[in-house]
> 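What follows is a single structure, and I will ask about it in a moment.
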Amino acid sequence: MMGDQYKELRKWIQQKQPVKIKTIKGEATFLPVKLYKDVKKLFVYNRDMQLINIALDDVISIQPTRIYGSFDKREQLIHIR
């Protein structure tokens, strides 16, 4: 990643903008949380709201994306009284 890409990514993190990340392992939509440039790691929430980290060396591309509805796809528990 280049300097301008880091600036864009930091802006998306501040705006809580979901991003589509393509890595050598595949492509998915994430909610970026924190960027550690010095250790080359990006911490993100996946659609199940699990915090994971992605090695920036594995990233092919990062683009902002739109989410319709809720980002959180965990099952909602319904309490019946």
Side-chain angles (χ1 to χ4, degrees):
M1 291 184 77
M2 306 298 280
D4 289 340
Q5 292 170 326
Y6 281 112
K7 287 179 185 176
E8 283 185 329
L9 185 52
R10 280 195 305 247
K11 183 177 82 175
W12 297 331
I13 291 170
Q14 289 174 348
Q15 295 173 346
K16 297 182 170 97
Q17 171 71 49
V19 294
K20 187 172 287 193
I21 300 176
K22 184 175 184 180
T23 69
I24 58 176
K25 296 179 182 178
E27 180 177 291
T29 300
F30 298 98
L31 187 61
V33 178
K34 184 77 175 167
L35 172 65
Y36 291 98
K37 187 176 175 182
D38 53 336
V39 292
K40 297 184 179 182
K41 295 274 184 183
L42 175 63
F43 285 80
V44 298
Y45 282 113
N46 64 13
R47 296 292 293 256
D48 294 325
M49 296 308 288
Q50 296 172 331
L51 185 64
I52 60 174
N53 68 60
I54 298 174
L56 293 177
D57 291 338
D58 294 344
V59 173
I60 296 169
S61 68
I62 300 176
Q63 297 180 8
T65 188
R66 285 199 175 287
I67 299 294
Y68 297 99
S70 174
F71 181 83
D72 186 356
K73 293 294 182 187
R74 292 178 294 179
E75 291 182 3
Q76 298 286 330
L77 295 176
I78 300 174
H79 296 280
I80 301 174
R81 294 181 186 204

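Just so we're clear, the structure is a prediction, and the values are computed from it rather than from any experiment. Below, each value reflects all heavy atoms present in this structure, side chains not excepted, and no hydrogens, waters or symmetry copies.
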> Any chance you could measure Ile21, atom CD1, to Ile60, atom CD1, to the nearest 0.5 Å?
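Output value for this atom pair is 11.5 Å.
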> Which pair of heavy atoms, one from Phe30 and one from Ile52, lies closest together, and at what distance?
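For Phe30 and Ile52, the tightest heavy-atom pair comes out as CE2-CD1, 3.5 Å.
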> Shortest non-hydrogen contact from Pro32 to Val19?
CD-CG2, 3.8 Å
> Taking Val44 as the fixed residue, which of Thr29, Leu31, Ile54 is the one that meets the side chain to side chain contact (heavy atoms under 4.5 Å, CB included) rule?
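Considering Thr29, Leu31, Ile54, a side chain to side chain contact (heavy atoms under 4.5 Å, CB included) with Val44 is found only for Ile54.
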> Decide whether Val39 and Phe43 are clustered together by the hydrophobic rule: side chain heavy atoms of Ile, Leu, Val, Met, Phe, Trp, Tyr closer than 4.5 Å, transitively.
yes
> Distance from Asp58 atom CG to Lys41 atom NZ, nearest 0.5 Å?
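Here the rounded value is 8.0 Å.
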> Indicate yes or no: at least one non-hydrogen side-chain atom of Leu9 is less than 4.5 angstrom from one of Leu42.
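Of all side-chain heavy-atom pairs linking Leu42 with Leu9, at least one is under 4.5 Å.
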> Any non-hydrogen side-chain atom of Ile62 less than 4.5 Å from a side-chain atom of Trp12?
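Yes. Closest side-chain heavy atoms under 4.5 Å.
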> With sequence neighbours left out, write down each residue that passes side-chain contact (heavy atoms from CB on, under 4.5 Å) with Glu27, or none if nothing qualifies.
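Testing Glu27 for side-chain contact (heavy atoms from CB on, under 4.5 Å), a comparison that skips the adjacent residues, returns Lys20, Lys22.
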> Rounded at 0.5 Å granularity, tell me how far NZ in Lys34 sits from CZ in Arg10.
10.0 Å
> Would you check if the side chain of Asp48 reaches a backbone N or O of Gln50 as a donor-acceptor pair within less than 3.5 Å?
no
